[in-house]
Structures are given as structure tokens and as C-alpha cells.
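Numbering of ligands and ligand atoms starts at 1, following listing order. Scope of the values below: all heavy atoms of this structure, side chains included, with no hydrogens, waters or symmetry mates.
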Amino acid sequence: MGPRSMKAVVLRQSGGMEVIEMERPRAGPGELIVRMEACGLCGTDVEKIEGGYKASKPVIGHEVAGVVVEVGEGVESFRVGDPVIPHHHVPCYSCYYCLNGSPTMCPYYREYNLDPGGFAEYFRVPSWIVSHDGVLRVPDRVTFEEASMTEPVACCVRAIERSNFREGERVVVIGCGPIGLTFVELLRRGGASVVIATDRSEFRLDAAAKRGAIPVNSSRADLRSEVMRYTEGRGADLSIVAAGNTKALEDAITAVRRGGRVCLFGVLPAGSTLDYDMSNLITREVSIISSNAATEVEMKKALEFISRGVVDADGLITHRYSLSQFGEALLTFKSLSSLKVMIRP
Ligand SMILES: [Zn+2]
Ligand SMILES: [Zn+2]
């Protein structure tokens, strides 16, 4: 292991992941090198490791915060020592998609990524990301772990906005992992009159109840009848799918009232199909809204929410592992008694 080598967790070409020693990246013109301080493990990372997720390039680790250690030629806005949150995907803000409400569908959005990814002692931030406002500064009172939660919180902020959530509404959140719990906090703080949260894990339901949701254990109770009890027999105005399975999607559809909205957030495994009578959607005028990822607009809002304590990012972290313990981190991620699993160098 030479002085310029480092540890990184990367995808193996044949599938799965491996912890390797590799050469530390260097900054080209317009680029930054960041020393990773914290990187959250996300469901899409696990999907990529297990081979199901093909929507973006095979790079893992994107919920990341760290310290600038090298500044490429021409970069004026950052200095060595700056604590930063580099976003892994940034749109161009000028194409048809960007100008017409779909910035995360911008052809440039998934074109760039951190190199070799966030699960590395050091990584390179491409000039596209640096020059397109894709690197935020960590405010004074925010820890690196909290800062690394900016990206997932930003995705939730955007999903709530896309769902046209309004104060006073009654909302069902399906799935109480870190994402579901973030939704619960944002909805409660945003003025939802009722938030019903469902999961099979008592541990996760407790966490939802502590954040102001009405917990429903989907393995013991009938979600639809529970929802009816809290919505004067109508059903919820909005349900948000924060779980990656088709049963969750069906539950979300049946939980909303006539004219209600269903927000799809949790990424389904590739090839998932729904065995559901779609005519119900039309006769009940149910709208399906999907939300994928976030831009700097929501990243800034999310960081503000985290720094003001609107979202208790720290309270969502239950486990911490080093890069060399990555395999163990994956096992913990899948257990129902964990919330956010954090990787530290
Ligand atoms: Zn993520
Ligand atoms: Zn664009």
C-alpha cells in the first residue's frame, strides 16, 4: 500500500461488490478531490450490488459528505479544507427537460458521477458537477453524517412537492425505513393532519410513531380499514410508496380516497409488474405520480431542513461501519432492525 493508494468499495464486473486498494484520484482542471467523511448506504446501492438496478451507471455511494483535499486548475469557489456535500448527478438547467419540469430526466443528469463513487477514502468530483452548482458547503453546526443525508432528504422534498401535498391533508406512508421516516417528518412539519405509516417491523413502526405518525403493522392489521378509521371512511388524500415492492404499490392505491394521489418513490426491482385492475384508477380518478431523484433546488432546501432540525437526520442513523466492514453493513441494511446505515472511512 503506497502513500497514494486508498481503500474503495466498487462493483465487480461479474456482479456483487469488493473492497479494493486503488490509486488515489487526482484533480484535473475544474475538478475537486474530496476525502470522504460519511457516506450513507442507499437502497439503490444495494440494488446495483445485487444486479437489479440499471437506471444509471455502475457506481455506488452517492449520499456523501467530506473535505476538499485538492482543487483543480481554474476552480475558484472552493479551497482545500472546505467541508462539502458533492451531489453525484446534476442537470444542465437549459435543455428541453430542464426547462419543462423534468430536470432529473435531463440527458446530462446521469452522465456524470463521483469517481470511483462515494464509498472510497477519496473521490474525484467532475468539473460538470463543480461548475453546475452541484457542490454545497456543510454549514457550521451540521455534522458530516447529517450532511450526507442531504441527498435522500432532497429526494423526499421533491416527491412531496411533485405530489402537490397541501396542509391539512391525510397521508399514508408505505414503508418506514429511513426514507419513509423522512417523509413522516416532512409531512408532519408541513402540516399534514394525519400521517399513517405502515411497515412489518415493530422497530421501524416505533420510530414512525415517535415522529408523529399513526403506526399500522401491515402483517397484523388491514391497512385499508385502518386508513378508513382515520379519514372518515374516505381514504387518504395522498399515499407515498417508500418501499420497493409491488404489494406496497397496491396498498398505496387501495388506501387513497376517490380523487386521491399515489406517489411512487421506492425503486421497484427491474421487471416488476402489477396484477391490478387498472380500471379502478379511472373510475376512482386516482392519480399516479412518480418522483425520481432531486436537483440542487431541493438539495439546498434539504440542507436547510437538516440544519434547522426540521428533519432529525442524526436520529435516523442506527449503524456505522468502516469501508472494510462493507459486507457487514450490507447485511445490517437488510435487517428490519436498522434505519440508516452509515459508512465511515
Ligand atoms: Zn440514495
Ligand atoms: Zn438539461
Side-chain angles (χ1 to χ4, degrees), residues 9 11 17 36 38-50 52-66 85-114 117-119 123 126 128-129 131-134 136 145-160 175 177-183 186 240-244 264-269 290-299 302-303 305-306 311 313 316-317 319 326 329-330 333-334 338-343:
V9 182
L11 290 171
M17 60 82 199
M36 184 267 272
C39 187
L41 187 51
C42 169
T44 56
D45 293 320
V46 178
E47 280 284 307
K48 285 178 182 179
I49 291 165
E50 295 181 348
Y53 188 80
K54 301 277 194 283
S56 58
K57 291 182 179 164
V59 173
I60 51 173
H62 60 272
E63 302 179 356
V64 67
I85 306 158
H87 198 183
H88 64 313
H89 290 327
V90 179
C92 76
Y93 298 108
S94 58
C95 73
Y96 185 88
Y97 295 93
C98 285
L99 297 176
N100 290 280
S102 310
T104 65
M105 297 294 112
C106 169
Y108 294 96
Y109 187 70
R110 286 176 174 78
E111 202 42 47
Y112 301 92
N113 209 328
L114 311 175
F119 298 129
F123 57 86
W128 173 270
I129 292 174
S131 63
H132 284 74
D133 199 22
L136 300 183
E145 288 189 348
E146 290 169 330
S148 77
M149 305 277 281
T150 305
E151 195 272 344
V153 172
C155 295
C156 296
V157 168
R158 183 160 178 270
I160 289 174
I179 289 291
L181 295 175
T182 301
F183 276 123
L186 290 171
I240 300 180
V241 183
L264 302 189
F265 183 94
V267 175
L268 295 166
S290 59
S291 190
N292 187 319
T295 71
E296 282 19 83
V297 175
E298 296 85 23
M299 288 287 281
L303 185 54
F305 284 153
I306 290 171
V311 175
L316 289 172
I317 304 164
H319 294 79
F326 198 86
L330 279 179
F333 179 91
K334 290 183 186 174
S338 69
L339 296 174
K340 180 53 83 180
V341 175
M342 198 53 73
I343 304 296

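- Side-chain atoms of Lys340 come within 3.5 Å of backbone atoms of Leu41 as a donor-acceptor pair (strictly under, hydrogens ignored).
- Between Tyr109 and His87, the angle of the ring planes goes over 60°, which puts this pair in the perpendicular group of the 30/60° scheme.
- The SG atom of Cys95 and the SG atom of Cys106 meet at the Zn ion (ligand 2) at an angle of about 110°, given to 10°.
- Annotation for Tyr97: atom OH does not count as buried by contact number, only 12 or fewer foreign heavy atoms lying within 6.0 Å.
- Of the angles at the Zn ion (ligand 2), the one spanning SG of Cys92 and SG of Cys98 is 110° when given to 10°.
- Residue contacts to the Zn ion (ligand 1): Cys155 brings no N, O or S atom closer than 2.8 Å.
- Summary: OE2 is the N/O/S atom of Glu63 found nearest to the Zn ion (ligand 1).
- Put simply, the side chain of His89 gets close to the backbone of Tyr112: a donor and an acceptor are under 3.5 Å apart.
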